[in-house]
Amino acid sequence: MDNPNKTNGADPRADLPGEVRVRFAPSPTGYLHIGGARTALFNWLFAARNGGRFILRIEDTDFSRKVEDSTRQITSTMRWLGLQWDEGPVAGGPVGPYFQSERLDLYRKAADELKARGAAYDCYCTPEELAERREEARRLGRDPRYDGRCRNLAEEDRRRLVAEGRHSVLRLKTPKEGQTVVEDLIRGTVVFDNALLDDYVLMKSDGVPTYNFACVVDDHAMGMTHVIRADEHLSNTPKQMIIYRAFGWDPPTFAHVPMILAPDRSKLSKRHGATSVEEFQEAGYLPEAIVNYLVFLGWSPEGGEEVLSVDELRRQFSLDRVTKNAAIYDTTKLTWMNGHYIRTIDLDRLTDLSIPFLAKAGLVTEPVDPSTRSFVKAILTALRDRVKTLGELPEVTVYFFRDEFGFDPKGVQKHLSSTDAAGLLDQARAVLAGLPRFDVEACETAYRGLIESLGIKGGALIHPTRVALTGRTIGPGLFDIMALLGRERTLTRLEKASATAREGGPWPEPVDLGYPTVPGQAAKTS
RNA sequence: GGCCCCAUGGUCAAGCGGCCUAAGACACCGCCCUUUCACGGCGGUAACUCGGGUUCGAAUCCCGAUGGGGUCACCA
């Protein structure tokens with residue numbers, strides 16, 4: 001005799017490492033969505049805080065031929081963010097495989113068990129018929145739900161349908177009465193009427209499970225203790241609870257975190273600009289800034305700090321300080337935070353992170369030699385608190401790397417259009433040329449001296465010099481620029497600018513290095 | 001449309017019955033610092049969706065309305 005409980009066994013959780021087990025289960029869509037990243041982050045932090053394990057599972061039950069590429073993309077971005085998983089692709093683990101596409105046998109077995117328990121049944125209705133009936137129901141103003149006609153099929157009818165060559169799907173026999181109660185860590189108690197639940201599909205006709213089914217089978221088999229996921233899954237939860245109950249399994253504890261919405265309050269999608277972590281990565285955002293920003297979308301620390309290190313987050317994160325309301329995603333604060341990290345992280349690290357951006361613009365060639373590296377480092381010292389993203393770097397540093405850098409017409413107009421300016425530049429050049437040492441202090445002393453002896457205001461000399469040396473009116477301190485440029489280039493540029501000023505131009509046009517892309521702010525500019 | 005969730009400034013948010021004539025951060029606006037631009041410092045504008053209750057007392061509890069969001073597939 002069949003023992004309906006025989007495959008229940010012990011709760012898998014009992015034998016698995018970690019008291020707390022949580023997972024992030026993305027489907028391989030090609031990139032790591034910003035909302036997904038936050039869900040992953042919450043899970044990761046929750047595991048860290050509770051001494052648990054963080055599992056990565058790829059939900060690739062959909063067709064998708066790019067599974068491999070997509071998975072690589074997602075995993076590499078997660079690593080870049082610092083969200084290492086304890087079990088999952090590459091890492092392996094005791095309850096693998098961690099790709100749903102490799103777990104098909106498990107689902108089939110589980111499906112058979114459910115059928116044996118009388119909790120599910122084969123349905124032979126074709127998609128066309130279903131669509132037709134849905135349409136019909138809609139027309140009559142009824143809920144477009146499955147009518148349950150295969151729920152209690154007589155054996156001979158079943159045979160007839162098979163003989164017609166029909167394929168079947170497996171449907172769950174959902175209870176017609178009663179309620180399903182979800183005790184959610186964030187939402188509290190949420191009650192759903194079973195009567196509203198459809199006999200939805202568990203296994204598709206091609207033998208592949210649907211999301212809700214695979215999700216339950218895996219969460220159970222993988223010993224999940226908590227399921228932390230986006231709010232959009234809350235309405236799926238009763239369906240999943242019923243499956244757990246049908247198997248006789250204890251469901252995990254659920255926590256539905258609020259969604260991240262686009263500025264227009266709708267669900268975040270591609271048309272809202274940057275929605276993937278990769279886009280921010282390419283634009284020169286630092287992982288710590290993204291993590292820091294993301295965690296504050298829905299969570300806040302007890303102390304009210306706005307900037308917290310990852311270590312601090314791992315120590316402080318808790319689900320009971322997660323808000324219930326959806327957050328609108330706005331990059332302004334992220335950009336500010338990125339600027340904060342740019343000016344506070346270790347300089348060597350900043351240098352290493354910056355070089356690829358300069359290389360991409362052709363300003364340096366990788367691998368950089370030591371002297372170039374220290375030059376970049378010195379530039380960064382002078383410039384780091386003036387940029388918000390690494391992507392802006394080429395734009396604001398060209399003149400350090402190239403002698404053709406173009407002049408801002410307004411700057412020229414304002415500071416280099418008179419012959420006075422040319423004269424000033426000549427005098428400055430003479431003074432600088434005679435300096436025994438050419439460093440920040442020496443340059444400044446020389447300039448201050450010249451300014452005083454000419455009886456002019458500092459700006460009268462400094463502004464024209466800045467434009468002459470950099471082509472623009474903004475940038476680091478002038479004497480830092482001189483020291484960075486070195487005597488030779490400084491003198492040459494002064495001379496050249498003076499000559500051009502005398503001739504009244506022409507001044508080279510600013511070069512286009514691809515303007516800094518700040519994702520999500522495109523809409524603002526237009 | 002049914003069901004579910006949510007509701008404090010432009011945005012993120014603190015607040016969990018009296019400490020609220022409501023924190024903090026970003027953004028914005030002034031001022032200061034200053035060779036520019038930043039950074040930094042100081043200050044300012046700006047919010048409890050509405051209506052009923054409960055209570056001595058409500059941003060906080062209850063109900064309703066309104067608004068927003070999610071979900072209703074052989075997608076995940």
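None of these values were measured; they are calculated from a predicted model. In the text below, chain A, chain B and the rest are named by the order of the sequence lines, each starting its count at 1.
- Geometrically, Lys115(A) does not engage Tyr121(A) in a cation-pi contact, judged by NZ or CZ lying under 6.0 Å from the ring centre and within 45° of the ring axis.
- Comparing the C1' positions of C28(B) and U66(B) gives an interatomic distance of 30 Å, to the nearest angstrom.
- Cation-pi geometry between Arg38(A) and Phe42(A) is satisfied (NZ or CZ under 6.0 Å from the ring centre, within 45° of the ring normal).
- Proximity of Thr61(A) to the phosphate of A76(B): a side-chain N or O atom is located under 4.0 Å from OP1 or OP2.
- Taking the six-membered ring wherever Trp is involved, the centroid distance between the rings of Tyr200(A) and Tyr146(A) does not fall below 6.0 Å.
- The residue among Trp336(A) and Glu302(A) whose nearest nucleotide of RNA chain B is located toward the 5' end is Glu302(A).
- Taking atom CZ on Arg384(A) and atom P on A38(B), their separation rounds to 19 Å, with Å as the unit.
- In this model, no side-chain donor or acceptor of Lys324(A) finds a partner on the base of C6(B) within 3.5 Å.
- The side chain of Arg386(A) approaches U36(B) more closely than any other nucleotide in the set G70(B), U36(B), A76(B).
- In the set C39(B), C74(B), C3(B), the nucleotide with an atom closest to the side chain of Leu196(A) is C3(B).
- When the P atom of C5(B) is taken as reference, atom CD of Glu232(A) falls 16 Å away, rounded to whole Å.
- The partner of C74(B) cannot be assigned: no Watson-Crick or G-U wobble pair with both contacts below 3.5 Å exists in any strand.
- For Ile328(A) and U11(B), the CD1 to C1' distance is 7 Å, given to the nearest whole Å.
- In summary, Arg448(A) and Glu452(A) do not engage in a salt bridge, as defined by a charged side-chain N under 4.0 Å from a carboxylate O.
- Comparing Cys123(A) and Gly477(A) by the nucleotide of RNA chain B that holds the closest heavy atom to each, the one mapping nearer the 5' end is Gly477(A).
- Taking a pair to require two hydrogen-bonding distances under 3.5 Å in either a Watson-Crick or a G-U wobble arrangement, U55(B) remains unpaired.
- The CG atom of Leu383(A) sits 9 Å away from the C1' atom of A38(B) (whole-angstrom rounding).
- Counting to the nearest Å, the P atom of C75(B) and the NZ atom of Lys239(A) are 12 Å from each other.
- Distance from the side chain of Asn325(A) is smallest to U8(B) among C72(B), U8(B), U35(B).
- Residue contacts shown for Phe192(A) are limited to sugar-phosphate atoms, with no base heavy atom under 4.0 Å away.
- Rounded to whole Å, the distance from CG on Asp231(A) to P on A7(B) is 11 Å.
- A 3.5 Å limit on both hydrogen-bonding distances identifies A25(B) as the Watson-Crick or G-U partner of U11(B).
- The cationic atom of Arg472(A) (NZ for Lys, CZ for Arg) does not lie both less than 6.0 Å from the six-membered ring centre of Phe407(A) and within 45° of the ring axis.
- Counting distance only, with no hydrogens placed and no angle test, the side-chain atoms of Ser205(A) and the base atoms of C74(B) include a donor-acceptor pair under 3.5 Å.
- For the 3.5 Å distance criterion, the side chains of Tyr107(A) and Asp218(A) qualify, holding a donor opposite an acceptor.
- Closest to the side chain of Val201(A), out of G70(B), U11(B), C74(B), is C74(B).
- Counting any heavy atom pair closer than 4.0 Å across all strands shown, His256(A) reaches no nucleic acid atom.
- The nucleotide whose nearest atom lies closest to any side-chain atom of Arg321(A) is, among C4(B), G69(B), G15(B), G15(B).
- Closest contact between the side chain of Thr323(A) and the listed nucleotides G69(B), A14(B), C74(B) involves A14(B).
- Closest contact between the side chain of Ser27(A) and the listed nucleotides A76(B), A38(B), A25(B) involves A76(B).
- Proximity note for Lys267(A) (side chain, C-beta onward) versus G70(B), A76(B), U35(B): the nearest is G70(B).
- Taking atom C1' on both nucleotides, C4(B) is separated from U8(B) by 23 Å, rounded to a whole Å.
- With a cut-off of 3.5 Å on both Watson-Crick or G-U wobble distances, the partner of G67(B) is given as C6(B).
- Atom CG of Asn338(A) and atom P of C12(B) are 20 Å apart (whole Å).
- Between the side chains of Asn212(A) and Thr210(A), no donor-acceptor pair of N or O atoms lies under 3.5 Å.
- In terms of phosphate contacts, Thr210(A) brings no side-chain nitrogen or oxygen within less than 4.0 Å of OP1 or OP2 of C74(B).
- Taking atom P in both G10(B) and C5(B), one finds a spacing of 27 Å when rounded to whole Å.
- Classified by interplanar angle (parallel below 30°, tilted 30° to 60°, perpendicular above 60°), the ring pair Tyr244(A)/Phe254(A) is perpendicular.
- Asp206(A) comes within 4.0 angstrom of nothing in the nucleic acid, heavy atoms only.
- Spacing between atom NE2 of His233(A) and atom C1' of C3(B) amounts to 18 Å, rounded to whole angstrom units.
- Summarising the base pairing, G40(B) is matched to C32(B) through a Watson-Crick or G-U wobble pair whose two defining distances lie under 3.5 Å.
- Comparing G68(B), C12(B), A76(B) by their closest approach to the side chain of Leu297(A) singles out C12(B).
- The side chain of Arg343(A) sits closest to G40(B) out of C12(B), U35(B), G40(B).
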